Amino acid sequence: MNVLLELLKYLSGPVVIIITILILLIKYPEKVEKWISLLLRLFYFITKKGERTLIAFDIQGRINEYSKLLKKELPNFTQIGIKVHWITEKETPSEFILKDRLVIRMRKHPNQNKNFVNASMIFISKLLLTKVKKYLSKSQKESIDLYVAKKLFNKERSEIIDQFFEDYFSVKALSNDKIMELIEKYEIIDKVGLFYPVLIQELNFLGEKIFYKPKSFNIIKDVKSFINFLVKYADRDIGEEEIPKNFEGTYCRCGIVIIARSEKIAIGDIKPFINYLKKLLDYKLENIYLIGSAQKITREFIDKISLEVQNNFNLYRYFSKTYNAQIKINGERKEVKNYLVLLRSNEIFSYYDEEYQKKFIKK
């Protein structure tokens, strides 16, 4: 609706001018050729300017859809609008937040696919994991942006995907072993459906905990270890017990609890799981992910555990979701539908430096 009003507002001026010229044509028919020339010039001006406006609206609308998708995947993703401003060759491209909108000042390229890909990459870079990115290594930041872009662009036409690979993926990933290795790890994590709900979610939480802390290599090291932890979990065969399911890093602390004991689920016995969760809390884990089949009986069993935990421990239900996963059974991937509930502690330890924090707080 806002886009429509903005378009009508933009068109109202030229319409008034055209009507005025038509009236003058009727009043002064002897000057027809001169007026026709003027009309043609005006039409050219309006259509060229209108084309630029419509292209900007198209980009804004499509990227706003991306924003909705990320909000659906990540409850604490900040969803704001996008505004594209075309600039001249003499002006400097820039992007900034203004009145709850990401304003992108960019040069218009004749290739609309390139315009859309460029604006999308700015959107991902500026709005995804904004708090934690300054603490990540360059390869960690760029690999996450590229992988998220790859997932979003997979829903687009093949020309968009080709443009992305030509302008970004081949330039940044294929020529950089560190970035490519990380992207391959994200693909393994994504196979079991945990890229957004666990990896990116935990990085979001991490940003909230360390936002006022000076940069530290220990944070990069923690994130690297966490990614490797998730890769081992995602690449395990069902039934492998020796694979660790808790991550106890310096800054990131979480656990994954598999709800899959059919005999307990069948009789509704949640006590063994409650006792196990109680032990996990002794390790000061801040986030616990309950994961099981999305079948009705298992989903209700997980919800029952979740409710019991909230009533008896200092945890609350942060979100839940059903998702597709390719789990390993005897070395072969099998497509299943899983259910996940995130239980989050009410006591989150934050890391910050008071002197460093003063730089970001206006008195």
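All values derive from a computational prediction rather than experimental measurement.
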* To do: Say whether Tyr186 and Ser143, considering side chains only, have a donor N or O and an acceptor N or O under 3.5 Å apart.
  => yes
* Structure fact -> Looking only at heavy atoms, the pair that brings Glu202 and Cys254 closest together is OE2-CB, 3.8 Å
* Asked: Is there side-chain contact between Ile144 and Leu203, with heavy atoms separated by less than 4.5 Å?
  -> yes
* Asked: Under 6.0 Å from the CZ atom of Phe96, do we count more than 12 heavy atoms belonging to anything else shown?
  -> yes
* Asked: Under 30°, 30 to 60°, or over 60°: which ring-plane class applies to Phe205 and Tyr318, parallel, tilted or perpendicular?
  -> perpendicular
* Asked: Would a 4.5 Å heavy-atom cut-off, applied to side chains only, mark Leu340 and Ile302 as touching?
  -> no
* **Whether over 12 other heavy atoms sit under 6.0 Å from Lys278 NZ** => no
* Donor-acceptor side-chain pairing of Asn287 and Gln201 below 3.5 angstrom -> no
* Asked: With under 30° as parallel and over 60° as perpendicular, where do the rings of Phe116 and Phe153 fit, or are they tilted in between?
  -> perpendicular
* Please check if Ile291 and Tyr276 belong to a single hydrophobic cluster, counting links between Ile, Leu, Val, Met, Phe, Trp and Tyr side chain heavy atoms closer than 4.5 Å. => no
* Asked: Strictly by modelled atom types, are Asp58 and Gln112 linked by a side-chain donor-acceptor pair under 3.5 Å?
  -> yes
* For Glu166 and Ser170, test the side chains for any donor-to-acceptor distance below 3.5 angstrom and give the result as yes or no. => no
* **Asp145 side chain to Tyr168 side chain, donor-acceptor N/O pair below 3.5 angstrom** => no
* Asked: Is a side-chain donor or acceptor of Glu308 paired with a backbone partner of Lys304 at a separation under 3.5 angstrom?
  -> no
* Test side-chain contact (heavy atoms from CB on, under 4.5 Å) on Asn218 and Asp222 and set out the steps. => CA-CA 6 Å; Asn218 288 332; Asp222 224 33; over 6 Å; no
* Heavy-atom side-chain contact between Ile183 and Phe169 under 4.5 Å -> yes
* Path from Tyr196 to Leu199 over hydrophobic side-chain contacts below 4.5 Å -> yes
* To do: Output yes when Glu300 and Lys296 qualify as a salt bridge under the 4.0 Å nitrogen-oxygen rule, no when they do not.
  => yes
* Connected via hydrophobic side-chain network under 4.5 Å: Tyr147 and Ile188 -> yes
* To do: Apply the test salt bridge (charged side-chain N to carboxylate O under 4.0 Å, His left out) to residues Lys328 and Glu240: give CA-CA distance (whole Å), side-chain angles for both, the deciding distance (0.1 Å), then the verdict.
  => CA-CA 10 Å; Lys328 259 189 181 181; Glu240 275 189 68; over 6 Å; no
* **Distance in Å, Lys185 NZ paired with Ile227 CD1, rounded so as to fall on 0.5 Å steps** => 7.0 Å
* Asked: With a 4.5 Å limit on heavy-atom distance, are the side chains of Leu230 and Ile256 in contact?
  -> yes
* Structure fact -> Tightest non-hydrogen contact, residues Ile200 and Leu129, listed as O-CD2, 3.7 Å
* Got a second to check how far Ile80's CD1 is from Thr78's OG1, nearest 0.5 Å? -> 7.5 Å
* Asked: Heavy atoms, side chains only, cut-off 4.5 Å: are Ile124 and Leu152 in contact?
  -> yes
* To do: Please say whether more than 12 non-hydrogen atoms of neighbouring residues, nucleotides or ligands are located less than 6.0 Å from CG in Asp100.
  => no
* **Enclosure of Asp177 CG (heavy-atom neighbours >12, cutoff 6.0 Å)** => no
* To do: Indicate the atoms forming the closest heavy-atom contact of Ser216 with Tyr251, along with that distance.
  => OG-OH, 4.2 Å
* To do: Kindly compute the distance separating CG (Leu69) from CG (Leu74), expressed to the nearest 0.5 Å.
  => 11.0 Å
* Asked: Shortest non-hydrogen contact from Gly207 to Lys131?
  -> O-CB, 3.7 Å
* Asked: Do the non-hydrogen side-chain atoms of Glu95 and Phe123 ever get within less than 4.5 Å of each other?
  -> no
* Determine the minimum heavy-atom distance between Tyr135 and Ile220, stating which atoms define it. => O-CG1, 3.3 Å
* Asked: Can you check whether Asn330's main-chain N or O pairs, donor with acceptor, with Asp237's side chain at less than 3.5 Å?
  -> yes
* Side chains of Asp303 and Tyr339: do they bring a donor and an acceptor to under 3.5 Å? -> yes
* To do: In sequence, state the C-alpha distance, the side-chain angles, and the governing distance for Glu248 and Lys284, and then conclude on salt bridge (charged side-chain N to carboxylate O under 4.0 Å, His left out).
  => CA-CA 8 Å; Glu248 300 166 39; Lys284 305 296 182 184; over 6 Å; no
* Which class fits the ring pair Phe301 and Phe273: parallel under 30°, tilted 30 to 60°, perpendicular over 60°? -> perpendicular
* Please check if the side chain of Lys133 supplies one atom and the backbone of Leu128 the other of a donor-acceptor pair under 3.5 Å. => yes
* To do: Only one of Tyr283, Tyr289, Phe229 passes ring-ring contact (aromatic ring centres under 6.0 Å, His included) with Phe247; say which it is.
  => Phe229
* Asked: Do NZ/NE/NH1/NH2 and the carboxylate oxygens of Glu91 and Arg107 come within less than 4.0 Å?
  -> no
* Run the side-chain contact (heavy atoms from CB on, under 4.5 Å) check on Ile305 and Val257 step by step: do they pass? -> CA-CA 11 Å; Ile305 293 172; Val257 179; over 6 Å; no
* Give me the one residue out of Arg157, Gln163, Glu159 that meets side chain to side chain donor-acceptor pair (under 3.5 Å) with Asn113. => Arg157
* Asp235/Arg333 salt bridge by N-O under 4.0 Å criterion -> yes
* To do: Begin from the C-alpha positions of Glu65 and Lys155 and carry the test salt bridge (charged side-chain N to carboxylate O under 4.0 Å, His left out) through to its verdict.
  => CA-CA 11 Å; Glu65 286 300 314; Lys155 304 177 187 299; over 6 Å; no
* To do: Mark yes when over 12 heavy atoms from residues, nucleotides or ligands other than Lys151 sit less than 6.0 Å from its NZ; otherwise mark no.
  => yes
* Would you kindly confirm whether Ile238 and Ile258 end up in one hydrophobic cluster when ILVMFWY residues are joined by side chain heavy atoms under 4.5 Å apart? => no
* **More than 12 heavy atoms from other groups under 6.0 Å of CD on Glu335** => yes
* Asked: Are Leu182 and Tyr233 connected in a single hydrophobic cluster, I mean Ile/Leu/Val/Met/Phe/Trp/Tyr linked by side-chain heavy atoms less than 4.5 Å apart?
  -> yes
* Over 12 non-hydrogen atoms of neighbours within 6.0 angstrom of NZ in Lys126 -> no
* Structure fact -> Between the CG atom in Leu136 and the CG atom in Leu206, the distance rounded to the nearest 0.5 Å is 7.5 Å
* Can you check salt bridge (charged side-chain N to carboxylate O under 4.0 Å, His left out) on Lys191 and Glu187, steps first, answer last? -> CA-CA 6 Å; Lys191 280 184 186 296; Glu187 287 177 344; over 6 Å; no
* Could you check Leu285 against Arg253 for side-chain contact (heavy atoms from CB on, under 4.5 Å), going step by step and ending with a plain yes or no? => CA-CA 5 Å; Leu285 301 184; Arg253 303 181 65 82; 4.3 Å; yes
* Kindly check if the number of other-residue, nucleotide or ligand heavy atoms within 6.0 Å of CD (Glu263) is above 12? => yes
* Asked: Would a 4.5 Å heavy-atom cut-off, applied to side chains only, mark Ile87 and Pro93 as touching?
  -> yes
* Closest non-hydrogen atom pair between Tyr66 and Ser120, with its separation -> CE1-OG, 3.8 Å
* Check whether any side-chain heavy atom of Val132 sits under 4.5 Å from a side-chain heavy atom of Asn204, and report yes or no. => no
